[in-house]
Every structure is written in structure tokens, then in C-alpha cells.
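Notes for the one structure printed next.
Remember, it's 1-based here, ligands and their atoms both numbered in the order they're listed. Index from 1, following the sequence.
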Amino acid sequence: MPELPEVETVARDLQRWVAGATIAGAEVRWARTIRHPQPPERFVAEIAGATIRRVDRRAKTVLFHLEDGRVMTVALRMTGALIVAPAGTADDPYARVVFDLADGRQLRYRDVRKFGRIGLWPGGGLRSVGAGRGARSRRVADGTRRYRIGEVFSGHGPEPLSRSFTAERFAERLQRRSAKLKTLLLDQAFVAGVGNIYADEALWRARLHPLRAADTLDPRDVRRLHRAVRQVLREGIANRGASFSDYVDARGQQGDNQERLAVYRRTDQPCYRCGHRIERIVVGQRSTHFCPRCQREPVASVEP
Ligand SMILES: [Zn+2]
């Protein structure tokens, strides 16, 4: 499943290749891919003629900011991909929504398992989301469930690579929680964009056991984890994301980061730091990979 580095890679590619392009028309081949507006015919009518001003990312969602202020969101979920196809490229049987660009190219939303969702929303409110006080603010355009883009992300936590995501702020959030670190890192309301791969990698790098309770970390642990989360995400972006099954960039190419991971899917292989066998456990129904020597298991505290 694409996480922050994979979605960021796609968004940066699309910014380079489709910013300024006009969507002449769209074809929806799998109706459930369209989340908003409904029905999908209305989405098709409303997106036609729109010009893409800028492409970026929030959490694990690609955002197409349109010239008129509206925003199209593409949540790739399990197997979604956004691919720019030059004119004349053979059709793709897994393309669920096809956007015809005015210059003859196509922007194809490809999704084998069909869990991804596309929405088209009135603009406004996005900047405040996740920035603290605005995170819970409700912005509804009118009383008929015409959601604004800000509301789409109202349940998401802060962006881990933003300047405002400081070690101090991270410490404040961790201290109030007794949840296990792995569970908490996967919680999109706690921090946006981190998924199974980068949670495991960050915990290994910070030498913290995945089952450690968040409120047992000392200030040095917190600083190490804060740095580790940001490092593994930045390196993931630099390596154009990790491809294990379906993830591809906007050219349809795989990333390189799967070759450079320390623990994720390295069960029984030696730890790069100490040589001990990497173990796999299940935490909250998610595969979790760690080094039992570098990442010591939490022990119940004993009363003196
Ligand atoms: Zn180790």
C-alpha cells in the first residue's frame, strides 16, 4: 500500500507533467471509485474543462488543485496508481477512471483491487487542517452535504515532514497516549502518512520495540523516534518509494526503496546493526518486523 513517500513521489511527478494541463473530459469505468460528487455522471460533468494548477499531497492522498479553487483528491489505498499516458498508448484494462487531457495525453487512474477513491471538492480550509486548533473545525459548504476539502481531512493528524512537526510537539502527543508505538504510528489521526513499512523502519532505527507503550518513552527516546520517522520518510522519497506489489510512479515505474529497508519483510535475515535474526510478529492484525536484540521488549515495571 502506498504510504507518504510513495504518494509524494507520484504527486511530484504529476506536478512536473500535468500542472497547467486541462482535463477535456473523463470516463468513469468503475462507478464506486468516485466518492464525491454523486452520481459519477455529475463528477464527469463537473471535472470537464478544469485546468490543473498544482499537484501535491496531504496524508496518503494526491491533491489536484484546480485553477478555479476546487480540489480533486485521489486516495490510492491498496493498489491505486496515477499514470500519465502519452497519446496513442495502448488501453489499460485496470484503468478505472480515464482523464483525457486537452493536449492528447491521458491521465489514468489504475487500480487492480478497486479500493481507491476519487473526490472533487470545493476549495478552502485545507491549510488549517492538522495545524492544531483548526484540526477539528467543521467546514460544510451548505446544508446538503457539499463537503469542503478541509473537512475531508479533518480526522487526520499532522504531516510528519512539516516544519511544525517538532520533537516537542511529538513528545506532547506521545505523552498522553498509552497505546503501543506500532499501533500509534499507524493511526492516521496521530500522524498522517505513516503505514506499515515506514512504522517498522522508524522503530528499528530508533531502537524501540513495537509493543512499547508511548507514555513510557523518555525524552531521548522521543527525540530518536522523531528523527527516525522523518529520516525514513525522506529516504523513501529520495528512493522514489518502495514497490512490493503494485506501487508504481506516474510513469508506471517501480521505486527503489524496497531494496534499502532494514527490517520490513526481512524476517529471519540478519539485522544490519547487530546480526541478530529479524523477527515478525502481528500487532493489531498488521505484520510487524523488528530486531529483538536492538529493540528490547518492554518489561513490566516492578515495584521497589
Ligand atoms: Zn539488531
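The nearest N, O or S atom of H276 is not closer to the Zn ion (ligand 1) than 2.8 Å.
Note on ring orientation: taking the six-membered ring where Trp is involved, the planes of F170 and H226 are tilted (angle from 30° to 60°). Relative ring orientation between Y264 and F244 is described as perpendicular, the plane-to-plane angle rising above 60° on a 0-90° scale split at 30° and 60°.
Of the angles at the Zn ion (ligand 1), the one spanning SG of C274 and SG of C291 is 100° when given to 10°. Our summary of the site lists the angle at the Zn ion (ligand 1) between SG of C271 and SG of C294 as 110°, to the nearest 10 degrees.
Taking a cutoff of 4.0 Å between a charged side-chain nitrogen and a carboxylate oxygen, K182 and D200 qualify as a salt bridge.
L161 and V194 fall within a single hydrophobic cluster, where Ile, Leu, Val, Met, Phe, Trp and Tyr are joined by side-chain heavy atoms under 4.5 Å apart, directly or via other members.
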